[in-house]
Amino acid sequence: MRDMGTIRNIVILTGAGISAESGIDTFRAEGGLWEQHRIEDVATPEAFERDPDLVLRFYDMRRESIQTKEPNAAHLALARLDREWAGELLIVTQNVDDLHERAGAQRVLHMHGEHLNAWCTDCDARSRWTGPLKQRPACPGCGARALRPDVVWFGEMPYGMDKIYSALRTADLFVSIGTSGAVYPAAGFVRDARELGAATLELNLERSQGSGWFDESRLGQASELVPAWVDELLAPR
Ligand code: APR
């Protein structure tokens, strides 16, 4: 691993594993979300066209549930890093919960969208949304009854790719936390970061699918690994 003293610009990728200890189900674990629901029933544009009630009900339940959860020690540690890190930092999250923000992090990019946003497919506006969508409420901007969850479904383009790649181009360190490495393009960031010259570190419960691409893998619970890593990084040198 590169000498910590030479690290200035950091890109962090987070996935469902960082929110697992807050009580939010991951996707690919035994009994995880994609074992309880078929992706093609609830997380594609085709599913929404075929059965919008089912899809809206699924996201209404998830939206309600995440609002009862709290950030854990891993989210809090990243928020501390965000506050105290003088160099560039970008927390790219695949998570659609708001636990990074509720922990206090600001430099966060939701590449798969956000549960607490509704997107009007008529006027294209995004609105903060905490209640249900199944009753087809009117868009606060244009009044159309065309709101959908502002989450990126399979087959749709993730958000913020230009910003992510420009951060990867100048990153000295790429850190992946709590993600299985099963879904692209996020799963490819480690290779891109490496090719662009960054050191790469994985913090995960188990080896991810792309584990071999990381310079170092630390295995364990995010609530322990992440605060310890942040302490190391912020320790006076
Ligand atoms: N601490 C650290 N890692 C954990 C913990 C924990 N407490 N609990 C689980 N993990 C790890 C798992 O071992 C697994 O490797 O987190 C990873 C979660 O993987 P997934 O369930 O596949 O979630 P994620 O990688 O975020 O999924 C990517 O797939 O369907 C989608 O759009 C959805 O953004 C999501 C994307």
Side-chain angles (χ1 to χ4, degrees), residues 12-48 55 58-59 61-63 65-66 69-78 91-100 103 108-117 119 148-161 164 174-191 200-214 216-230:
I12 298 171
L13 173 69
T14 67
I18 198 169
S19 296
E21 291 165 82
S22 295
I24 300 179
D25 284 343
T26 63
F27 295 96
R28 292 173 182 80
E30 231 174 87
L33 211 58
W34 295 150
E35 233 178 60
Q36 303 166 41
H37 305 270
R38 284 168 11 121
I39 287 174
E40 49 279 37
D41 288 343
V42 294
T44 65
E46 294 78 16
F48 188 52
V55 173
F58 173 75
Y59 285 97
M61 275 165 44
R62 304 269 301 153
R63 191 178 312 106
S65 164
I66 62 150
K69 311 299 185 197
E70 297 296 332
N72 65 51
H75 299 103
L76 292 167
L78 291 189
I91 301 171
V92 178
T93 187
Q94 298 167 90
N95 297 344
V96 289
D97 65 52
D98 63 338
L99 296 184
H100 283 306
V108 181
L109 189 160
H110 283 270
M111 66 178 292
H112 291 169
E114 296 177 65
H115 269 321
L116 297 181
N117 272 355
W119 171 27
R148 59 162 268 187
D150 190 18
V151 298
V152 175
W153 287 324
F154 284 88
E156 296 183 324
M157 180 64 89
Y159 297 151
M161 294 305 290
I164 295 170
F174 172 78
V175 186
S176 171
I177 304 172
T179 176
S180 60
V183 175
Y184 283 82
F189 292 163
V190 59
R191 286 178 68 169
T200 53
L201 168 68
E202 158 172 76
L203 307 176
N204 209 40
L205 196 56
E206 58 198 353
R207 285 189 174 276
S208 66
Q209 290 185 21
S211 192
W213 292 102
F214 288 90
E216 186 186 346
S217 292
R218 299 184 189 175
L219 303 184
Q221 301 278 2
S223 64
E224 289 168 17
L225 293 179
V226 179
W229 169 68
V230 169

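Here, residue 1 is the first one in the sequence, and each next residue gets the next number. FYI, side chains are in, hydrogens and waters are out, and symmetry mates aren't considered; it's all heavy atoms of this structure. Order of appearance sets the numbers: ligands from 1, and atoms from 1 within every ligand.
- Although no hydrogens or angles enter the test, the distance criterion places a donor-acceptor pair under 3.5 Å between the side chain of H110 and the main chain of N95.
- Shown in contact with L205 at under 4.0 Å from a heavy atom are these atoms of ligand 1, numbered in order with element: 2 (C), 3 (N), 4 (C), 5 (C), 8 (N), 9 (C), 10 (N), 13 (O).
- The protein atom (non-hydrogen) at minimum distance from atom 13 (O) of ligand 1 is E206 OE2, 2.8 Å.
- Interatomic distance, CZ of R38 versus OG1 of T44, reported as 10.0 Å (0.5 Å rounding).
- Protein heavy atom nearest atom 35 (C) of ligand 1, with residue, atom name and distance: F27 CE1, 3.5 Å.
- In this structure, atom 7 (N) of ligand 1 lies nearest to the protein heavy atom Q221 OE1, 2.7 Å.
- Residue contacts with ligand 1, taken as heavy atom pairs separated by less than 4.0 Å, involve T179 via backbone and side-chain atoms alike.
- Put simply, CD on Q94 and CG on L13 are 4.5 Å apart, with the number rounded to the nearest 0.5 Å.
- Nearest-residue assignment for atom 15 (O) of ligand 1 (options N204, L219, I24; heavy-atom criterion): N204.
- Put simply, part of G220 is less than 4.0 Å from ligand 1, judged by heavy atoms.
- Protein heavy atom closest to atom 26 (O) of ligand 1, with residue, atom name and distance, is A16 N, 2.8 Å.
- For atom 5 (C) of ligand 1, the closest heavy atom belonging to the protein is G17 O, 3.5 Å.
- If you number the atoms of ligand 1 from 1 as listed, the ones under 4.0 Å from a heavy atom of H112 come out as 32 (O), 34 (O), 35 (C).
- Using modelled atom types, one side-chain atom of Q36 and one backbone atom of G31 make a donor-acceptor pair closer than 3.5 Å.
- Here the straight-line distance linking atom OG of S176 with atom CD1 of I12 works out to 10.5 Å at 0.5 Å rounding.
- For ligand 1, the atoms lying closer than 4.0 Å to a non-hydrogen atom of G15 are 26 (O).
- The nearest heavy-atom contact from the protein to atom 1 (N) of ligand 1 is A222 N, 2.8 Å.
- Using a distance-only test at 3.5 Å, with no hydrogens or angles considered, no donor-acceptor pair links the side chain of E156 to the main chain of P45.
- For the pair N72 (side chain) and I18 (backbone), a donor-acceptor distance under 3.5 Å is present.
- Only the side chain of A20 comes within 4.0 Å of ligand 1, counting heavy atoms alone; its backbone N, CA, C and O stay farther away.
- Counting atoms of ligand 1 from 1 in the listed order, those under 4.0 Å from a heavy atom of F154 are 30 (O), 31 (C).
- In this structure, the separation between CD1 on I24 and NZ on K69 is 7.0 Å, given to the nearest 0.5 Å.
- Residue E21 touches ligand 1 through its side chain alone, judged by heavy-atom distances below 4.0 Å.
- Using the six-membered ring where Trp is involved, Y59 and W153 have ring planes that are tilted, between 30° and 60° apart.
- To the nearest 0.5 Å, atoms CG (L78) and CG (L99) are separated by 11.5 Å.
- Atom 22 (O) of ligand 1 has as its closest protein heavy atom S180 OG, 2.6 Å.
- Residue contact check: G178 has heavy atoms under 4.0 Å from atoms 3 (N), 16 (O), 17 (C), 18 (C) of ligand 1.
- For atom 30 (O) of ligand 1, the closest non-hydrogen atom of the protein is W34 NE1, 2.7 Å.
- Side chain of N204 to main chain of I177: no donor-acceptor pair is present (N/O by atom type, distance under 3.5 Å, no hydrogens or angles).
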